[in-house]
2 protein chains.
Amino acid sequence: MPGRAAYHHGDLAAEAVDEALRMIAADPSASFSLRALAERLGVAHRALYNHFATREALLASIAARGFESLAETLRAAPDAPAFLAAYVRFALANPGLYDVMTQRDHAQINAHLGLRAGVDRVIAVALGVLASPGADDDTRRREVMRVWMVAHGGIGLQRAGMLRLRSDDQFVEEILHIAGLATKGEKA
Amino acid sequence: MPGRAAYHHGDLAAEAVDEALRMIAADPSASFSLRALAERLGVAHRALYNHFATREALLASIAARGFESLAETLRAAPDAPAFLAAYVRFALANPGLYDVMTQRDHAQINAHLGLRAGVDRVIAVALGVLASPGADDDTRRREVMRVWMVAHGGIGLQRAGMLRLRSDDQFVEEILHIAGLATKGEKA
DNA sequence: CCTCAATGTATCCAGTGGATACATAGCCAC
DNA sequence: GTGGCTATGTATCCACTGGATACATTGAGG
């Protein structure tokens with residue numbers, strides 16, 4: 001449980017998440033290991049279990065931080081094309097983190113308070129930028145989901161090498177086109 | 001490599017892929033293990049390495065079979081809504097396999113011949129069903145990519161529990177709506 | 001028959017997530 | 001103070017993983 005001050009180490013829970021984020025950013029392809037994290041923190045690997053019940057719980061906390069960070073990034077987007085571009089660039093710039101964020105198990109998202117909150121913040125920002133102000137809730141939700149699905153799916157396909165696009169810049173331009181949010185003439 | 005007839009076991013390579021598909025279908029959440037597979041085949045776990053250089057190579061072969069199977073399923077779809085519905089249902093019905101298919105590494109897809117071929121077959125079918133016959137290649141490709149991105153992204157979000165849709169049927173109906181493909185009597 | 005390469009086996013290794021048992025350190029009640 | 005309580009961290013073990021090396025078996029072709 002965070003919030004507790006320093007006993008031996010000084011808030012190990014927070015430091016663990018910080019260091020894990022650094023490790024994941026440094027080498028997204030390497031699978032994240034509790035032992036490697038513990039070694040970097042100069043701590044017995046078992047110490048982490050005093051703060052996170054399982055490895056998955058730690059990953060959920062990392063994901064939560066990722067969604068907070070993503071929401072903050074997206075909040076700067078003035079319109080739909082900027083939103084989509086920012087989302088895609090975040091995912092491509094932080095592939096390991098994006099995986100941790102989006103590959104959590106169904107149940108975990110609702111179980112982990114911070115994670116649920118992070119996801120909801122992203123959705124809230126999206127509703128503000130992407131949805132038509134006057135429309136009913138169902139329509140607004142669908143407008144958001146459409147962009148989200150295109151973005152999430154496009155990222156997955158791009159990273160899997162299914163698309164034949166060379167650079168990430170090219171991909172961003174292309175996905176704006178595909179989503180119907182062309183950079184010049186754009187619709188809702 | 002395959003093609004070789006029975007020495008001790010009878011084509012172990014083919015049997016390994018078959019049995020692996022069964023295991024993945026039986027328990028998608030369980031992480032696939034070479035030892036468990038070998039035990040089911042009644043063979044030393046190291047024997048598999050005589051046919052597949054690494055675990056990833058085996059997974060690539062599994063993915064190739066998955067794409068073949070998917071292409072065959074999709075070929076029956078008469079129009080775009082049916083195509084999208086069939087794709088989504090395939091993924092939701094075979095979650096473990098779909099993960100193996102879509103989470104291969106970029107380089108692997110082009111390295112593994114069968115895998116590349118399987119992906120291309122799916123794309124070919126998609127072009128036939130989803131693209132406007134008269135349009136130029138860029139437009140046709142984008143039409144396919146748009147549906148593919150919505151499908152792939154939607155599946156990922158649904159499975160991650162990001163959407164709030166209860167049943168898979170509900171999800172199929174919703175994604176047809178979101179993709180702008182009418183929801184009249186379609187069912188797979 | 002006899003060689004030889006393909007195939008399968010035995011055994012080892014380092015690394016993993018996780019569990020149990022124990023040591024330590026700070027806080028509070030007395 | 002002091003003694004206990006609980007949160008924290010450590011030591012050690014376990015079953016399991018992917019992978020490597022060394023060896024046994026098998027069957028086909030000379």
Side-chain angles (χ1 to χ4, degrees), chain A residues 1-20 23-24 26-63 96 99-100 103-105 107-108 111-112, chain B residues 1-20 23-24 26-63 96 99-100 103-105 107-108 111-112:
Chain A
M1 307 286 193
R4 206 80 183 74
Y7 265 90
H8 303 113
H9 189 92
D11 201 346
L12 180 60
E15 278 190 47
V17 175
D18 284 346
E19 187 62 33
M23 289 173 66
I24 290 170
D27 188 356
S29 66
S31 66
F32 171 74
S33 128
L34 288 180
R35 297 188 95 125
L37 172 60
E39 190 182 11
R40 270 175 168 255
L41 292 167
V43 115
H45 90 279
R46 199 49 186 72
L48 296 170
Y49 285 98
N50 289 321
H51 301 274
F52 306 95
T54 71
R55 168 197 152 95
E56 285 303 304
L58 207 183
L59 288 172
S61 289
I62 295 168
D99 282 346
V100 172
Q103 284 171 17
R104 294 306 82 218
D105 194 73
Q108 274 184 327
H112 187 111
Chain B
M1 286 311 271
R4 205 81 183 72
Y7 264 87
H8 303 110
H9 189 94
D11 203 345
L12 180 59
E15 279 190 46
V17 174
D18 284 346
E19 187 63 32
M23 288 173 67
I24 291 170
D27 188 356
S29 66
S31 66
F32 172 74
S33 128
L34 288 182
R35 304 210 76 125
L37 173 59
E39 190 182 11
R40 270 174 168 257
L41 292 168
V43 117
H45 88 278
R46 198 50 185 75
L48 296 170
Y49 286 97
N50 290 322
H51 301 273
F52 306 95
T54 70
R55 169 195 151 96
E56 285 302 305
L58 207 183
L59 287 173
S61 290
I62 294 167
D99 282 346
V100 172
Q103 284 171 15
R104 295 304 84 216
D105 194 73
Q108 272 185 328
H112 188 109

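Numbers restart at 1 for each chain; the letters A, B, ... are given by sequence-line order, proteins then strands.
Of all the heavy atoms in A:P28 and A:G96, the pair that sits closest is CB-N, 3.6 Å.
At C:dA6, none of the side-chain N or O atoms of B:H51 fall inside 4.0 Å of OP1 or OP2 (strictly under the cut-off).
The nearest whole Å value for the distance from the CG atom in A:L58 to the C1' atom in C:dG17 is 12 Å. Per the geometry, CE belonging to B:M23 stands 13 Å off C1' belonging to D:dT17, to the nearest Å. Rounded to an integer number of Å, the gap from CG of B:L37 to P of D:dG19 is 13 Å. A:D11 places its CG atom 15 Å from the P atom of D:dA7, with the value rounded to the nearest Å. The nearest whole Å value for the distance from the CD atom in A:E56 to the C1' atom in C:dG18 is 13 Å. Atom C1' of nucleotide C:dT16 and atom CD of A:E39 are separated by 14 Å, given to the nearest angstrom. Taking atom OH on B:Y49 and atom C1' on D:dC23, their separation rounds to 19 Å, with Å as the unit. The interatomic distance linking B:F52 (CZ) with C:dT7 (C1') rounds to 14 Å, in whole Å.
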Quick one: side chains of residues 37-49 of chain A, donor-acceptor pairs under 3.5 Å with protein atoms, not counting sequence neighbours, listed by atom name and distance.
from  : atom 1 : to    : atom 2 : distance (Å)
A:R40 : NH1    : A:E19 : OE2    : 2.5
A:H45 : NE2    : A:R35 : NH1    : 3.4

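The residue A:F32 sits close only to the backbone: its heavy atoms come under 4.0 Å of sugar-phosphate atoms, none of a base. Within 4.0 Å of A:S31, counting heavy atoms only, lies no atom of the nucleic acid at all.
Note that NE2 of B:H51 and CG of B:L12 are 4.0 Å apart. Values are rounded to the nearest 0.5 Å.
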Strictly under 3.5 Å: I want the nitrogen or oxygen pairs between protein and nucleotides 10-15 of chain D, one per line.
from   : atom 1 : to    : atom 2 : distance (Å)
D:dT10 : OP2    : A:A44 : N      : 2.7

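Annotation: side-chain contact (heavy atoms from CB on, under 4.5 Å) contacts of A:A111 (sequence neighbours excluded): none. Partners of B:E56 according to the side-chain hydrogen bond (donor to acceptor under 3.5 Å, both in side chains) rule, which considers only residues two or more places apart in sequence or in another chain, are B:R104, B:Q108. For B:S29, the side-chain hydrogen bond (donor to acceptor under 3.5 Å, both in side chains) partners two or more places apart in sequence, or in a different chain, are B:D27.
By the 4.5 Å heavy-atom criterion applied to side chains, A:F32 and A:L58 are counted as neighbours.
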